[in-house]
Student: 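Dropping a structure here in structure tokens format, bear with me for questions.
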Amino acid sequence: MSDSRMLKKNTFQPNELIFKAGDSSNEIFLIHDGTVELFEIDEKEHEKRIKLLSAGYAFGEQALISSEKRKYYARAMNTVTCVAVNKRNLFKQLNNEDPFIAALFRILQGNMQSIDNMSRSSKREELDTLTNALSLEK
């Protein structure tokens, strides 16, 4: 399989959205140059910055462990050059690789999923504890 089907070079202009919350997550992005802001929009339509990422960082990696829709927005802060890695084509390529490399990747993918699940579970427990504490105060 040609790398050109798995990798796609993209250039985004300042303030251009790379993806938005609710989009399907089928690509991970590797930043070559520029700065990307990840943010969310609250119920009052206010933007809340989650993090800034620069060259050498990746974002959208949730696509590798889940088929869930995007949770955040990603926006170019300046001219951004990045490479998009297509999830489906990446997995096809991995199936053609050395079985050890494919197995290692799947282990890492499983570990990422476990960490994500623990994080979500922990946040739910914290919210339940806070909700219970607030209801006891009444």
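Because the structure is predicted, anything quoted here is derived from the model rather than measured. Excluded from the calculations below are hydrogen atoms, water molecules and symmetry mates; all remaining heavy atoms, backbone and side chain alike, are included.
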Student: Which atoms form the tightest heavy-atom contact between Asn78 and Gly34, and what is the distance?
Tutor: OD1-CA, 3.3 Å
Student: CZ of Arg49 to OH of Tyr72: how many Å apart, nearest 0.5 Å?
Tutor: 15.0 Å
Student: Between the side chain of Asn10 and the main-chain N/O of Lys8, is any donor-acceptor distance below 3.5 Å?
Tutor: yes
Student: Kindly determine whether Leu52 and Glu37 satisfy side chain to side chain contact (heavy atoms under 4.5 Å, CB included), including the steps that lead there.
Tutor: CA-CA 5 Å; Leu52 286 176; Glu37 176 186 36; 3.6 Å; yes
Student: Determine whether Phe12 and Thr79 satisfy the following criterion, side chain to side chain contact (heavy atoms under 4.5 Å, CB included), listing intermediate values before the conclusion.
Tutor: CA-CA 6 Å; Phe12 298 95; Thr79 301; over 6 Å; no
Student: Which pairs with one or both residues in residues 30-51 pass ring-ring contact (aromatic ring centres under 6.0 Å, His included), sequence neighbours excluded?
Tutor: Phe39-Tyr73
Student: Identify the two heavy atoms, one from Ala74 and one from Leu38, that lie closest to each other, and give their separation to 0.1 Å.
Tutor: CB-CD2, 3.7 Å
Student: Does one hydrophobic cluster hold both Ile41 and Leu17, with members joined at side-chain heavy-atom distances below 4.5 Å?
Tutor: yes
Student: Kindly write out the residues that satisfy side-chain hydrogen bond (donor to acceptor under 3.5 Å, both in side chains) with Arg70, not counting sequence neighbours, or none if the list is empty.
Tutor: none
Student: Would you check if Glu47 and Arg75 make a side-chain contact, meaning some heavy-atom pair closer than 4.5 Å?
Tutor: yes
Student: For Glu16, give me all partners under side-chain hydrogen bond (donor to acceptor under 3.5 Å, both in side chains), at least two apart in sequence or on another chain.
Tutor: none
Student: Should Ile50 and Glu40 be marked as a side chain to side chain contact (heavy atoms under 4.5 Å, CB included) after you check the CA-CA gap, both sets of side-chain angles, and the distance that decides it?
Tutor: CA-CA 7 Å; Ile50 297 178; Glu40 61 186 357; 4.2 Å; yes
Student: Report the distance from atom CG of Asp33 to atom OG of Ser54, rounding to the nearest 0.5 Å.
Tutor: 9.5 Å
Student: If you take all heavy atoms of Val36 and Met77, which pair is closest and at what distance?
Tutor: C-CG, 4.3 Å
Student: When you measure from the side chain of Asn86 to the backbone N and O of Glu27, does any donor-acceptor pair fall under 3.5 Å?
Tutor: no
Student: Grab the two heavy atoms, one from Ile31 and one from Phe59, that are nearest each other, plus how far apart they are.
Tutor: CG1-CE2, 3.6 Å
Student: Is a side-chain N or O of Ser25 found less than 3.5 angstrom from the main chain of Glu68, in a donor-acceptor match?
Tutor: yes
Student: Look up atom CD in Glu61 and atom NZ in Lys87, then write down how far apart they are to the nearest 0.5 Å.
Tutor: 12.5 Å
